[in-house]
Amino acid sequence: MEKEQNMSFGEDFRRRIKEIKLSRWIRFGVVSLIFIFWTIWLGWPLLFLILLFDIYITGYIPFTWWKKSKTPWVKSVMSWVDAIVYALILVYFVFAFVGQNYQIPSSSLEKTLLTGDYLWVNKMVYGPRVPFTPVHFPLVHNKLFGVKSYLDSPSNSYKRLKGLRNVEEGDIVVFNFPAGDTVAEKFEETPMYYDLLVKQYGREALHRDKQRFGDIIYRPVDRRQNFVKRAVGLPGQNFRISDDVIYIDGEARPFPENVQFNYVFATNTALLEQDLKDLDMAPSDLSAFDWRGETGANLRHFLPGSADGNYLYMAPLTNGMIEQMKSKGILTDYVKFNDISHYFMGMDMNSMVFPYGSDADWTLSDFGGDKGILIPAKGMTVELTPENWTLYQRCIRNYEGHDEAYFDEASQTAYIGGEPARTYTFGMDYYFMMGDNRDNSQDSRFWGFVPEDHIVGTPMIVLASFDQERGLSDGKIRWNRILRSANPDKSK
């Protein structure tokens, strides 16, 4: 020990290197190569390689000081801390670059995916994304014990490793909510996102009334809410919906097997709990109406096949559920709710759908007009007409960073970076996403295109599934869904 203390730094350095076994040099070499490629890809400096060298070779920094402690409880506690830190680091890298579990929070993809499904989302298929906020706690999304779980700085620009393939039409995709960049904190977990709140209450009211709306904050891309939808339109395609049928470049696309729409229907017998189980229908999805009341009378007008004493309902149904009720002889008549909503409720669907401020008479069932809309693709150039500006302004301003861009109505000219612009060339690919539960899905028909930098991954399998409306002895665990494909339409 005294001899070591009398050594110069150079002598001590050489001694430490000579004492390192070959196996540890190999481990250091493998980790260093991975780290070097990693830092070059991220564009970060290689300074941390010195720290890595000390951890594996020289050992000047006493990371394992606790192993030499003579106090048993110190060794015990620190061994657990050491294991937890390593586990969190491993989880961080797995969740960031390989995949992670994800829970279905809403019914927008029923019956393909159900509320209460827990999915494994593969991030390597489309290529893992570099975290925009690299300093974050890996097991939570935005908050941990009520405190923000990430740091805004340092931050990364958009980068993605090469994946196995690109997003394909029909893929179910997990992505960060595009309209979730600006958030009213008290409404973040609700369907009322910032743009809708502004439309309903006004921008000044949102920023002034913190007690009601909370702070108005900005979320980086990877800290925005996770959504899961089906990719129905790809970059460069012409997209439109006519009478619920999707047309891509003029060609009709078949419905997914489990697509469902809201129907008003009449039955000659009441739907009981067992009927709902047989139909695989959640009780909360079913609304009942009294056929003798005013609402029932209005509905009966659109159900000529119904009779006095019939039971009137509204619920999302698949073709299979309709055929099942027909085969049992209990369905007397039915009609799509969207076909009668403007008569029955006077609903202005145009006020709800994308793009905001458009004069187009678009609805959830008829979207894009006769000509359709062109989905932006990287390198694609469009003319900046008033109509195109309405469609693409969010892409230009919010997603591609030209936050000062605007369209001058007087001169009918767009300005980007302070200069007039007749055309715009997109820097990213964009996608059109929709849910299979067509009339109960907040999707691209409301908030527009999904940029490529928001894409997280694709769900591969259902890890577990729990019905929140049933008890353990009443089918709470959906055993038939465990380890099932998360996208059976693509598996065929």
Non-hydrogen side-chain atoms of [X] and [Y] separated by less than 4.5 Å:
X	Y	value
Arg219	Tyr150	yes
Val232	Met433	no
Leu52	Ser32	yes
Leu483	Val462	no
Met434	Ile241	yes
Asp429	Phe449	no
Ile455	Val450	yes
Pro316	Gln260	yes

More than 12 non-hydrogen atoms from neighbouring residues, nucleotides or ligands closer than 6.0 Å to [atom1] on [X], yes or no?
X	atom1	value
Lys210	NZ	no
Asp215	CG	yes
Met124	CE	no
Met428	CE	yes
Ile50	CD1	no
Lys378	NZ	no

Should Asn440 and Asn262 be marked as a side-chain hydrogen bond (donor to acceptor under 3.5 Å, both in side chains) after you check the CA-CA gap, both sets of side-chain angles, and the distance that decides it? CA-CA 8 Å; Asn440 297 291; Asn262 283 345; 2.7 Å; yes
Could you note down all residue pairs passing ring pair (Phe, Tyr, Trp, His ring centres under 6.0 Å) where residues 102-140 supplies at least one of them, sequence neighbours left out?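 Of all non-adjacent pairs touching residues 102-140, those that pass ring pair (Phe, Tyr, Trp, His ring centres under 6.0 Å) are Tyr92-His136, Tyr118-Phe466.
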Yes or no on salt bridge (Lys or Arg N to Asp or Glu O under 4.0 Å) for Arg394 and Asp195, after CA distance, side-chain angles and deciding distance? CA-CA 12 Å; Arg394 187 169 183 87; Asp195 289 344; 3.4 Å; yes
Going through the checks in order, is the ring-ring contact (aromatic ring centres under 6.0 Å, His included) test met by Tyr424 and Phe426? CA-CA 6 Å; Tyr424 182 79; Phe426 293 98; 5.3 Å; yes
Output field: ring centroids Tyr392/Tyr399 closer than 6.0 Å: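 No; Tyr399 has its ring centre 6.0 Å or more from that of Tyr392.
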Do the two ring centres, one from Phe187 and one from Tyr193, sit under 6.0 Å apart?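 Between Phe187 and Tyr193, the centre distance exceeds or equals 6.0 Å.
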Taking atom [atom1] of [X] and atom [atom2] of [Y], what is their separation to the nearest 0.5 Å?
X	Y	atom1	atom2	value
His454	Arg129	NE2	CZ	8.0 Å
Phe407	Arg397	CZ	CZ	13.5 Å
Tyr415	Leu384	OH	CG	12.5 Å
Leu234	Asn166	CG	CG	9.0 Å
Met321	Asp278	CE	CG	11.0 Å
Arg484	Ser465	CZ	OG	9.5 Å

Identify the heavy atoms of [X] and [Y] that sit nearest to each other, and give their distance.
X	Y	answer
Ala377	Gly236	CB-N, 3.6 Å
Gln237	Glu169	NE2-OE1, 3.5 Å
Gly116	Gln103	CA-NE2, 4.5 Å

Go through Tyr313 and Ser287 one step at a time and tell me if the side-chain contact (heavy atoms from CB on, under 4.5 Å) criterion holds. CA-CA 5 Å; Tyr313 299 102; Ser287 299; over 6 Å; no
Phe213 vs Tyr201, ring-ring contact (aromatic ring centres under 6.0 Å, His included): CA-CA, chis, key distance, verdict: CA-CA 11 Å; Phe213 300 104; Tyr201 300 101; 5.3 Å; yes
Which residues share a ring pair (Phe, Tyr, Trp, His ring centres under 6.0 Å) with Tyr56, sequence neighbours left out: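 Scan of Tyr56 (ring pair (Phe, Tyr, Trp, His ring centres under 6.0 Å), adjacent residues dropped) gives none.
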Under 3.5 Å, is there a donor-acceptor pair between the Gln393 and Tyr406 side chains?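 No, Tyr406 and Gln393 have no side-chain donor paired with an acceptor closer than 3.5 Å.
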Could you tell me whether the side chains of Thr381 and Thr425 share a donor-acceptor contact shorter than 3.5 Å?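 Yes, side-chain donor-acceptor contact under 3.5 Å.
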Per the side-chain hydrogen bond (donor to acceptor under 3.5 Å, both in side chains) rule, which among [options] passes with [X]?
X	options	result
Asn176	Asp453, Asp222, Asn226	Asn226
Tyr194	Glu188, Lys199, Arg203	Arg203
Thr112	Asp436, Asp117, Asn487, Asn437	Asp436

Could you walk me through whether Phe239 and Ile248 pass side-chain contact (heavy atoms from CB on, under 4.5 Å), step by step? CA-CA 5 Å; Phe239 177 91; Ile248 300 295; 3.6 Å; yes
May I ask you to decide whether [X] forms a salt bridge with [Y], counting only side-chain N to carboxylate O separations under 4.0 Å?
X	Y	result
Asp467	Arg470	yes
Glu387	Lys371	no
Asp244	Lys336	yes

Would you check, one step at a time, whether the test salt bridge (Lys or Arg N to Asp or Glu O under 4.0 Å) holds for Arg165 with Asp171? CA-CA 11 Å; Arg165 61 175 176 84; Asp171 279 0; 2.7 Å; yes
Fit a plane to each ring of Phe227 and Phe177, take the angle between them on a 0 to 90° scale, and name the class: parallel (under 30°), tilted (30 to 60°) or perpendicular (over 60°).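 Ring orientation of Phe227 relative to Phe177: parallel.
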Would you check, one step at a time, whether the test ring-ring contact (aromatic ring centres under 6.0 Å, His included) holds for Phe432 with Phe367? CA-CA 12 Å; Phe432 204 92; Phe367 183 94; 5.5 Å; yes
Assess the residue pair Phe354 and Trp447 against the criterion (ring-ring contact (aromatic ring centres under 6.0 Å, His included)); give the C-alpha distance rounded to whole Å, side-chain angles, the decisive distance to 0.1 Å, and a yes or no. CA-CA 6 Å; Phe354 172 85; Trp447 30 255; 9.0 Å; no
side-chain contact (heavy atoms from CB on, under 4.5 Å) partner of Asn338, chosen from Asp243, Asp439, Thr363: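 Answer to the side-chain contact (heavy atoms from CB on, under 4.5 Å) test with Asn338 among Asp243, Asp439, Thr363: Asp439.
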With side-chain contact (heavy atoms from CB on, under 4.5 Å) as the criterion, how do Asn142 and Lys148 come out once you've worked through the C-alpha distance, each side chain's angles and the decisive distance to 0.1 Å? CA-CA 6 Å; Asn142 282 332; Lys148 195 166 71 171; over 6 Å; no
